[in-house]
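FYI, side chains are in, hydrogens and waters are out, and symmetry mates aren't considered; it's all heavy atoms of this structure.
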Amino acid sequence: MLRTIILGFVILLVALAGLAGYQAYQFLAVPPESPGQARIVFIEPGQSFDAVAAMLVTEGVLRDATGFRLLAKATDKGGKIKAGEFEVSTGWKTSRLLEYLSTAKGIQHKLAAPEGLTMRQIARLAEEAGLCSAGAFLQAARDPALLAKYNIPGPNAEGFLFPNTYLFTRKRGDDGTYVVETMLKEFWKQADAVWPAAKPSGKDLLSAVTLASIVEKETGVDAERPRVAGVFVNRLAKGMLLQTDPTIIYGLGDKYNGNLIRAHLEDPTNPYNTYVHPGLPPGPICSPGLKSLLAVVTPEVHEYYYFVATGEGDHKFSKTLDEHINAVNKYQRGRAKKAEQ
């Protein structure tokens, strides 16, 4: 009788072990779906492994959180899962899902912001890249706390959003802070090359970046940037008006239709009208690149006060107003003739 009871108990244990093995097989070797479907999952910074496992079950890419935890413990990969945005599949086995989440960098979103763009233009690019809405970007770029954190001497981040190509791990929700903050950090990183010793602050910093933004808009020829900067330095030193079209265009904003007219040049209500208001405009008119910043810090020393576009991409520089008028007539007539042909 005792032998029969023991034999029955052994048979029960074997059956239970078989059942457990079958369940383990189901949890680890059989994906949630076949064929699978792509899913985008977000793992938040600081999220616990248990919370990640529960989220993966909710998203339908994992059958069982307990089996996932046991596998992670057995393979020592539980602490290797990083925060980010990941594209996974409901057709993956548990082992493949764990391997991917513990080794992949996640989806990277590219934001290419070239030199010379305004804050609003960069905001639109951030929206097109799927990082945040343009509104959220602009809200962050005007956040007093964020500006104070990075010592930005103005009411917004205009001019300090350093032009570069960035790769971002997108964050959940609509918040542009992480994008703006990354670009401000890059500005100060590049500032080490511009001001290797003491860096300017307050009005001095704002003036330097403002002038660099004007240089950025006035020429696309790198070799000309120090010379163009020298022209504006000479004008400021002599108390002359800067008389630069890009500042007026910036001040017009959405009102600019591609054509500057005399009324624009004579409008005193535009604070960025350097044909009327002396000195620098209130702030930067775009994000200058490294070469424009360097040109302002080390401008070319010369006696030029004027320059005009030749129509070939570069400029003709003049020392006197008479020379400048002759150059304007020469190159404007040349452009007019080309337009007629």
Could you grab the distance from atom CG of Leu147 to atom CG of Leu184, nearest 0.5 Å is fine? 7.0 Å

Common cluster, Val215/Leu294, ILVMFWY with side-chain heavy-atom separation under 4.5 Å: no

Could you go through the side chain to side chain contact (heavy atoms under 4.5 Å, CB included) check for Val194 and Lys199 one step at a time? CA-CA 9 Å; Val194 182; Lys199 295 176 178 60; over 6 Å; no

Report the distance from atom CG of Leu265 to atom CZ of Arg262, rounding to the nearest 0.5 Å. 7.0 Å

Gap between atom OH of Tyr256 and atom CD1 of Ile248 - 0.5 Å precision: 10.0 Å

Judged by modelled atom types alone, do Thr247 and Thr274 share a side-chain donor-acceptor pair under 3.5 Å? yes

Counting only pairs under 3.5 Å, give me each side-chain donor-acceptor contact of residues 117-127, with atom names and distances, residues two or more places apart or in other chains.
unit_1: Thr118; atom_1: OG1; unit_2: Gln121; atom_2: N; d: 3.2
unit_1: Thr118; atom_1: OG1; unit_2: Gln121; atom_2: OE1; d: 3.4
unit_1: Gln121; atom_1: OE1; unit_2: Thr118; atom_2: N; d: 2.8
unit_1: Glu127; atom_1: OE1; unit_2: Ala134; atom_2: N; d: 2.7

Would a single hydrophobic cluster contain both Leu131 and Val41, if residues Ile, Leu, Val, Met, Phe, Trp and Tyr are joined by side-chain heavy-atom contacts under 4.5 Å? no

Are Leu293 and Met183 linked, directly or through other ILVMFWY residues, by side chains that come within less than 4.5 angstrom of each other? yes

Give, for atom CG of Leu321 and atom CE of Met240, the distance between the pair rounded to the nearest 0.5 Å. 8.0 Å

Check ring pair (Phe, Tyr, Trp, His ring centres under 6.0 Å) between Tyr275 and all other residues, then give those that pass, not counting sequence neighbours. none

Side chain to side chain contact (heavy atoms under 4.5 Å, CB included) between Ser95 and Leu71: does it pass, once the steps are laid out? CA-CA 8 Å; Ser95 56; Leu71 181 62; 4.2 Å; yes

Treating Ser292 as the side-chain partner and Pro288 as the backbone partner, does any N or O pair qualify as donor plus acceptor under 3.5 Å? no

So, using ring pair (Phe, Tyr, Trp, His ring centres under 6.0 Å) as the criterion, who are the partners of His315 when residues are at least two apart? Phe307

Hey, does Leu211 have a side-chain heavy atom less than 4.5 Å from the side chain of Val233? yes

pair Leu236-Leu242: side-chain heavy atoms closer than 4.5 Å: yes

Less than 4.5 Å apart, side chain to side chain, heavy atoms only: is that true for Leu260 and Leu252? yes

Can you see whether Thr244 engages Glu218 through a side-chain donor-acceptor pair at a distance of less than 3.5 angstrom? yes

Quick one: closest heavy-atom pair of Val57 and Ala65, and the distance? CG2-N, 3.7 Å

For Lys77, all residues meeting salt bridge (Lys or Arg N to Asp or Glu O under 4.0 Å), sequence neighbours excluded: Glu99

Hey, could you give me the CG/OG distance between Asn164 and Ser287, rounded to the nearest 0.5 Å? 11.5 Å

Output every pair passing side-chain hydrogen bond (donor to acceptor under 3.5 Å, both in side chains) with a member in residues 203-213, not counting sequence neighbours, ordered by first then second residue. none

Would a distance-only check, ignoring hydrogens and angles, find a side-chain to backbone donor-acceptor pair under 3.5 Å from Asn270 to His264? no

Would a hydrophobic clustering, with Ile, Leu, Val, Met, Phe, Trp and Tyr connected at side-chain separations under 4.5 Å, put Trp188 with Val180? yes

For Ala140 and Gly176, work out which heavy atoms get closest and say how close. CB-C, 3.7 Å

Can you pull out every ring-ring contact (aromatic ring centres under 6.0 Å, His included) where at least one residue sits in residues 140-171? Sequence neighbours excluded, please. Phe160-Phe187, Tyr166-Phe168, Phe168-Tyr178

For Thr169, the option from Lys82, Lys105, Glu85, Gln108 that meets side chain to side chain donor-acceptor pair (under 3.5 Å): Gln108

List the steps, then state whether side chain to side chain contact (heavy atoms under 4.5 Å, CB included) holds for Lys73 with Phe49. CA-CA 11 Å; Lys73 185 175 181 179; Phe49 185 87; over 6 Å; no

With side chains defined as the heavy atoms from C-beta onward, is the minimum distance between Ile152 and Leu146 less than 4.5 Å? no

Backbone N/O of His302 and side chain of Asn234: donor-acceptor pair under 3.5 Å: yes

Indicate yes or no for a side-chain donor-acceptor contact from Asp267 to the backbone of Ala263 under 3.5 Å, with no hydrogens or angles considered. no

Taking C-beta and beyond as the side chain, do Thr298 and Pro226 meet within less than 4.5 Å on heavy atoms? no

With a 4.5 Å heavy-atom cut-off, do Glu323 and Lys316 have their side chains touching? no

Taking every heavy atom of Phe68 against every heavy atom of Ala53, the minimum-distance pair comes out as CD2-CB, 3.8 Å

Counting only heavy atoms not in Glu303 (residues, nucleotides, ligands), do more than 12 fall under 6.0 Å from its CD? no

Can you confirm if the NZ or CZ of Lys319 lies within 45° of the ring axis of Tyr305 and under 6.0 Å from the centre of its six-membered ring? no

Taking the side chain from Asp174 and the backbone from Ser133, do they hold a donor-acceptor pair closer than 3.5 Å? yes

Measure from the side-chain N and O atoms of Arg39 to the backbone N and O of Glu59, and report whether any donor-acceptor pair falls under 3.5 Å. yes

Measuring only between side-chain heavy atoms, which start at C-beta, is Pro114 closer than 4.5 Å to Thr165? no

Please report the shortest heavy-atom distance between Pro271 and Pro282, naming the atom on each side. O-CD, 3.4 Å

Heavy-atom closest pair (Gly159 atom, Val209 atom, distance to 0.1 Å) is O-CG1, 3.4 Å

Start with the C-alpha gap between Asp322 and Thr320, add the side-chain angles, then the distance that decides, and say whether side-chain hydrogen bond (donor to acceptor under 3.5 Å, both in side chains) holds. CA-CA 5 Å; Asp322 287 340; Thr320 68; 5.4 Å; no

Where at least one partner belongs to residues 80-132, residue pairs that pass ring-ring contact (aromatic ring centres under 6.0 Å, His included), sequence neighbours excluded: Trp92-Tyr100

To the nearest 0.5 Å, how far apart are CZ in Arg69 and OG1 in Thr94? 12.5 Å

Measure the shortest side-chain to side-chain distance between Arg235 and Val231 over non-hydrogen atoms and say whether it is less than 4.5 angstrom. yes

Looking only at heavy atoms, which two atoms of Ile214 and Phe232 are closest? And how far apart? CG2-CE1, 3.7 Å

Test: side-chain hydrogen bond (donor to acceptor under 3.5 Å, both in side chains). Region: residues 42-54. Which pairs qualify, not counting sequence neighbours? Glu44-Arg172

Sequence neighbours excluded, which residues qualify as ring pair (Phe, Tyr, Trp, His ring centres under 6.0 Å) partners of Tyr272? Tyr250

For Glu300, side chain to side chain donor-acceptor pair (under 3.5 Å) partners two or more places apart: Arg227

Residues that Thr219 engages under side chain to side chain donor-acceptor pair (under 3.5 Å), provided they are two or more places apart: Glu224

Applying ring-ring contact (aromatic ring centres under 6.0 Å, His included) as the test, list every pair that has at least one member in residues 198-230; sequence neighbours left out. none

